[in-house]
Amino acid sequence: MSFKVRQEIATCGGKLLKLSHFSELIGLSMDVNVYLPKQYYSKDYEKVIPTVYYLSGLTCSPDNASEKAFWQFQADKYGFGMVFPDTSPRGDSVPDDPEKSWDFGIAASFYVNATKKPYDKHYMMYDYIHKELPVLLDEHFSESSTKKLDFLDNVGITGHSMGGYGALTGFLKNYDANRYKSCSAFAPIVNPSSVPWGQKAFKGYLSDDENDWDKYDPCKLIKRITNTRNDMILIHQGTKDPFLKDNLKTDLLTEASKNTSWEGKIDIRYADGYDHSYFFVSTFVPDHARFHAKNLGLI
Ligand SMILES: N[C@@H](CCC(=O)N[C@@H](CS)C(=O)NCC(=O)O)C(=O)O
């Protein structure tokens, strides 16, 4: 069995599983939380259950969103599962930020495949999130359950802050393969190449050459990737978010989308008076859940 169940918690109408598994790509054990909605436990429910991946922000483990975003109520309402991956590799062998700051290193992987030493050994988070983890979850739950959960095809992706950037990047980079059917974000870093958090991450994990950064930058990706399926992306951003001015800069995405196939397709909703916390995220989770449920064919 590839996944170890550390904890199984009854919550809302379903169960939150706190899992650990070995990742070949990362070379270490990784934690991931999975919420199985009430439909999973219902004898009469016959539909395949799609999943939504939620990528968390700086300093988070899979537990922050599991405890404070209240996705579970929404997952039960529409009948989708949730996957909450970790934000980086962890452990004594994992190199951290030399300055011990919270915006780089452990819990701050920026969901890239690092190419620079010493981070290239374990920080393979892009391939882990978008390739290895979904396949492992699919294999595990196909073996261990008769109920069909879909971790690979009819899936959506969302995230908060660094995770919002990770969701946008993963959605866009895999757009031509139609990997994700739905994408949304809460207070995402939209143009990492131009802001301190992103520049520090890209210099540390990738290189000093800014050309290497473009492939992970949503503002650059929307210029290269054509919106062939008339997709919308939903974004919420609090106006009192202390990181908005220097690191999130949401307006840059609207700017970058001008004269591209994404112009008018990125629905950015500014939420007056909201900050960056889970009080903000949880307030707008119902809107995002509905958006994903629609795109995943549940309503
Ligand atoms: N640790 C930082 C804040 C970092 C932060 O706000 N992280 C966000 C994601 S970017 C988060 O979700 N934090 C964990 C939480 O609120 O549970 C500080 O002290 O200012």
Side-chain angles (χ1 to χ4, degrees), residues 7 9 11 16 18 31-33 35 52-74 82-90 96-112 123 125-126 129 157-170 183-202 204-205 216-218 234-250 252-253 268 270-271 273-289:
Q7 223 182 329
I9 303 164
T11 170
L16 182 77
K18 295 195 178 186
D31 290 346
V32 56
N33 290 357
Y35 179 67
V52 175
Y53 289 77
Y54 178 95
L55 305 185
S56 296
L58 294 162
T59 74
C60 289
S61 76
D63 290 349
N64 298 62
S66 305
E67 290 167 7
K68 298 196 286 190
F70 307 134
W71 274 103
Q72 288 88 319
F73 292 108
Q74 304 300 319
M82 287 298 300
V83 180
F84 302 100
D86 208 346
T87 48
S88 80
R90 292 176 195 266
D96 201 357
D97 186 1
E99 298 159 7
K100 295 277 169 236
S101 170
W102 51 269
D103 57 8
F104 185 81
I106 291 175
S109 71
F110 273 76
Y111 303 106
V112 299
Y123 286 76
M125 287 297 285
Y126 178 83
I129 297 283
I157 191 160
T158 183
H160 173 218
S161 194
M162 172 184 75
Y165 137 81
L168 291 170
T169 309
C183 175
S184 76
F186 302 83
I189 305 164
V190 299
N191 189 199
S193 310
S194 76
V195 301
W197 280 347
Q199 290 170 344
K200 179 173 176 181
F202 288 169
Y205 297 128
Y216 289 113
D217 191 319
L234 175 64
I235 294 177
H236 272 86
Q237 175 61 60
T239 59
K240 289 225 171 115
D241 185 325
F243 304 116
L244 176 56
K245 193 167 139 284
D246 294 332
N247 277 296
L248 308 175
K249 294 194 169 186
T250 326
L252 294 179
L253 192 60
I268 300 178
Y270 288 93
Y274 286 85
D275 64 13
H276 193 68
S277 70
Y278 272 92
F279 292 109
F280 153 71
V281 174
S282 59
T283 303
F284 299 102
V285 157
D287 293 358
H288 288 240

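The shown structure was predicted, so the numbers you read here are calculated from the model rather than taken from an experiment. Hydrogens, waters and symmetry mates are skipped; everything else that's a heavy atom, side chains included, is used. In each ligand, atom 1 is the first atom listed, and ligand 1 is the first ligand listed.
We find the CD1-OG1 distance between I189 and T250 to be 10.5 Å, quoted to the nearest 0.5 Å.
Formation of a donor-acceptor pair under 3.5 Å by the Y35 side chain with backbone atoms of T11 is found in this model. The backbone N or O of L252 lies less than 3.5 Å from no partner atom in the side chain of N191, so there is not a single donor-acceptor pair. Judged purely by atom type and a 3.5 angstrom limit, T158 uses its side chain to pair as donor or acceptor with the backbone of S184.
Within the structure, the salt bridge (charged side-chain N to carboxylate O under 4.0 Å, His left out) test picks out the following pairs touching residues 59-73 (sequence neighbours left out): K18-D63.
Screening F202, Y205, W197 against F104 for a ring pair (Phe, Tyr, Trp, His ring centres under 6.0 Å) leaves a single residue, Y205.
Annotation: ligand 1 has protein neighbours G57, L58, T59, C60, N64, K68, W102, H160, S161, F243, H276, Y278, each with a heavy atom less than 4.0 angstrom from the ligand.
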